[in-house]
Amino acid sequence: MSTETPVDELTEEDARTELERLADLLAKANTAYHQDDAPEISDAEYDRLKARNAAIEARFPGLKRADSPSDQVGAAPADGFAKVTHAVRMLSLSNVFDDAEVTEFDDRIRRYLGLKADAPLNYTAEPKIDGLSLSLRYEDGTLVQAATRGDGAVGENVTANARTIDDIPVTLTGAPEVLEVRGEVYMSHADFEALNARQTEKGAKTFANPRNAAAGSLRQLDSSITKARPLRFFAYAWGEVSEALADTQMAAIERLAALGFQTNPLTALCDGPAEMQAHYEEIEQQRASLGYDIDGVVYKVNELDLQRRLGFRSTTPRWATAHKFPAELAWTTLEKIEIQVGRTGALSPVARLTPVTVGGVVVSNATLHNEDYIKGRDSKGQEIRGGKDIRVGDWVQVYRAGDVIPKVADVDLSKRPDGTKPYDFPTVCPECGSEAIREEGDAVRRCTGGLICPAQAVEKLKHFVSRAAFDIEGLGAKQVEAFYQLGWIAEPADIFTLKARDKGETKLLKPASEVVASWTGGDGEERAARIEARRELLTTMGVDPLEDFEPALTRISAKPLADIKGWGEKSAENLFQAIDEKRDIPLGRVLFALGIRHVGEQASTLIARSYGRWDDFTRAMDAAKDCEGPDWDNLLAIDGVGEVMARSLVTAFAQDHERQSIDRLTAHLTIQEAAAPATDGSPVAGKTVVFTGTLEKMTRAEAKARAEALGAKVSGSVSAKTDLLVAGPGAGSKAKKAAELGIETIDEDGWLELIGDA
DNA sequence: GTGCCTCGAGTTCC
DNA sequence: CTCGAGGCAC
């Protein structure tokens, strides 16, 4: 291994070979360790190989493999599916619900592309199959991998199961060298009924609907079970392809059909919103007789060139949308209203309902949004549902938004029983007794307890270990909750001392369980009394809640993890290893994990890229704490960061208790420096570009998106920081200012040539 | 100041 | 998945 070339000196070709070698080595090491329980290389060597892999990927992002070891937290557990990183993300679709929104969709696309209202623009329209999406990867015409959607970026490898589905060809003739076919796995009504009949016969549990049956069948670990289940597949899209399938969506679908895939016969070409709407109605009429479930119609811009120009928003393509059928409605009794407390302290009312079937699923909980929704007002004080307030005991209408999230939609006043009272929304946190207040213009009421509120503390911890944050294998929401209740972890830093405490390497000081139990234990009257007492303490006696909280900071585990039910020595060991793996972590993830209000995943990435290093970042936060000065201005200058977010950030770092908690955490971490995305060979990476005047070959939005994809920052006004001005005809003051400042100015063609799109 | 467009936060059930 | 609101362009 001593002959390894330093990462900096690798050529692209070397890197490719090296990544392949590392993927292979690490996969073998994983199998040996996890499945055979016989490690072949030392942990240190394993970590070194993994780090080298990551370093090469960072330098050559384009070479990152679909099976990259950096995306795999250990190998597939022997009892699950391996993770697969999609070469091209599997996205979801935006939705429209009526005629007017179909027209809006068309308008938006025309505006983005700069097309006049009468310019021709075609769309495909096809039924939206209610199943689960699957990505099939063919190399040299052979099915090599089938992966579920997962979160869109990483799915599960279900290749063995996909091979048993008749509609999925195992080999293709005349296909591109690399072809990822995407489509929907589903089960027909007839097959679903028959399967449930067989299940009943066997005394096995039946499925609630065809979708669940299909999902359950595809995720069988034993593919012989999948083989016995009559799954089907419609192809409707593609991921990575080594050569273009066609010029249009329609022709691409026809090509997939020619390759041997089933494509939906109701796929049609429409010349605009009117035809789209007509086809939607046609499909809606046939819905009941199709023999399989559909939940709407999907529209896609037909020209693939236009699709490419339109591109993507963060989770959906701009060039497609789903026109959903109206949601199924059901009526039931509202038995109770409960209040949940979220990470930011938001009090959310949840309706407990007499269970009712809505769209094939039994619903017993539904969201009531917020205080005003219950009162029958929206956030602007406008009446909703005719201003009807919702009361416990009411007969309410429920639907599943997007066929997923249950919501209370309406209330039938004629069925209101006698003696109901308007719901009294709590002004005190039901979890910790702190005051719950509503800020001016805010729709939500929030608990002011901060970390002394057990609900907020737990939710913050859950957020900390969530997928986009620390993503610690084996430490999910459930474990965090349990560990919190046990008093083992009360803040993120505690996660990283678990191992030492578990091994008795640090001394037991005071079990936080005592402190925590005093907040969370008990129920009914006892709990109510305790909360009341606590509220008294906090509000009238002027006790500093943080002093009250202090003893919890000396929390420690009272007994080894292995003594707890369900935690063997091996699982404890695995957990500690998973935690150790995350001590080395990218800056953006740390920022997001802190759960600072208004600072989400995207913002964290942008901020991390802007500051690069943790120390530089905290120094800037300190210097900007009074919301003024150059560091404050720099913060606001970050694209996507406004005053609200900036204030939230600096306040979090300026508050003693919060800062101390953060410092305790970072003492356990090696925070990786963040770099701007390596836009290999991009001539405009890191440059600030301003567009002015009339652009003739692309719209402003398009130009901005394209420039940003190439690593440029697009600004609206010319300043000393501007690197390049792209001026079309009619450019005025900006061009003049650029000339004064001596900033390079080019025209639209010059720009296209520069970025290689001429 | 107004009107997009995104992101952030909260949500259920399997 | 949806709603509300932050950020930014017009």
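A note on names: the letters A, B, ... follow the listed sequences, proteins ahead of strands, and every chain is numbered from 1.
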Original post:
Considering residues at least two apart in sequence or located in another chain, which fulfil the ring pair (Phe, Tyr, Trp, His ring centres under 6.0 Å) criterion with A:H369?
Top reply: A:Y373

Subject >> Ionic contact status for A:R445 with A:E371, cut-off 4.0 Å >> reply: yes

Original post:
Over how many whole Å does the gap from A:L636 atom CG to C:dG7 atom C1' extend?
Top reply: 11 Å

Original post:
Roughly, in whole Å, what's the span from CD1 in A:I607 to P in B:dG8?
Top reply: 9 Å

Original post:
If only side-chain N and O atoms of A:R108 are considered, is one of them under 4.0 Å from the OP1 or OP2 phosphate oxygen of B:dT6?
Top reply: no

**OP:** Please state how far atom CD1 in A:I638 lies from atom P in B:dC7, giving the value in whole angstrom units.
**Re:** 16 Å

Original post:
Can you check the A:E459 CD to B:dG10 C1' distance for me, whole Å?
Top reply: 10 Å

Original post:
Got a sec, which residues hit side chain to side chain contact (heavy atoms under 4.5 Å, CB included) with A:E601, two or more places apart in sequence or on another chain?
Top reply: A:A468, A:F592

Original post:
When all nucleic acid strands are considered with a 4.0 Å heavy-atom cut-off, which category describes A:F97: base, sugar-phosphate, or nothing?
Top reply: sugar-phosphate

Subject >> Distance, rounded to the nearest Å, where A:Q602 contributes CD and C:dG6 contributes P >> reply: 17 Å

Please write out the pairs of protein N or O atoms and N or O atoms of nucleotides 11-14 of chain B separated by less than 3.5 Å, giving the distance to one decimal.
| unit_1 | atom_1 | unit_2 | atom_2 | d |
| --- | --- | --- | --- | --- |
| B:dT11 | OP1 | A:Q340 | OE1 | 3.4 |
| B:dT11 | OP1 | A:S348 | OG | 2.7 |
| B:dC13 | OP1 | A:S364 | N | 3.1 |
| B:dC13 | OP1 | A:N365 | N | 2.9 |
| B:dC13 | OP2 | A:N365 | ND2 | 2.9 |

Original post:
Within this structure, what is the CZ-to-C1' distance between A:R438 and C:dG4, rounded to whole angstrom?
Top reply: 12 Å

Subject >> A:I596 CD1 to C:dG6 C1', straight-line distance once rounded to whole Å >> reply: 16 Å

Original post:
B:dG10 C1' sits how many Å from A:E338 CD, rounded?
Top reply: 16 Å

Subject >> With A:R232 via side chain to side chain contact (heavy atoms under 4.5 Å, CB included) - residues at least two apart >> reply: A:D167, A:Y186, A:S188, A:D191

Original post:
For A:D106, what residues pass the side chain to side chain contact (heavy atoms under 4.5 Å, CB included) criterion, not counting sequence neighbours?
Top reply: A:R110, A:L121, A:Y123, A:P273

Subject >> Side chain of A:E601 (C-beta onward), nearest among C:dG7, C:dT2, B:dG8 >> reply: B:dG8

**OP:** Could you check which of C:dC1, C:dG4, C:dG7 has an atom nearest any side-chain atom of A:N95?
**Re:** C:dC1

**OP:** Tell me what A:A603 touches on the nucleic acid: a base, only sugar-phosphate, or nothing, going by heavy atoms under 4.0 Å.
**Re:** sugar-phosphate

Original post:
Closest approach of A:R149 and A:M90, non-hydrogen atoms and distance?
Top reply: NH1-O, 3.0 Å

Table please: side-chain donor-acceptor pairs of residues 451-460 of chain A below 3.5 Å, with sequence neighbours left out.
| unit_1 | atom_1 | unit_2 | atom_2 | d |
| --- | --- | --- | --- | --- |
| A:Q456 | NE2 | A:C447 | O | 3.3 |
| A:E459 | OE2 | A:K462 | NZ | 3.3 |

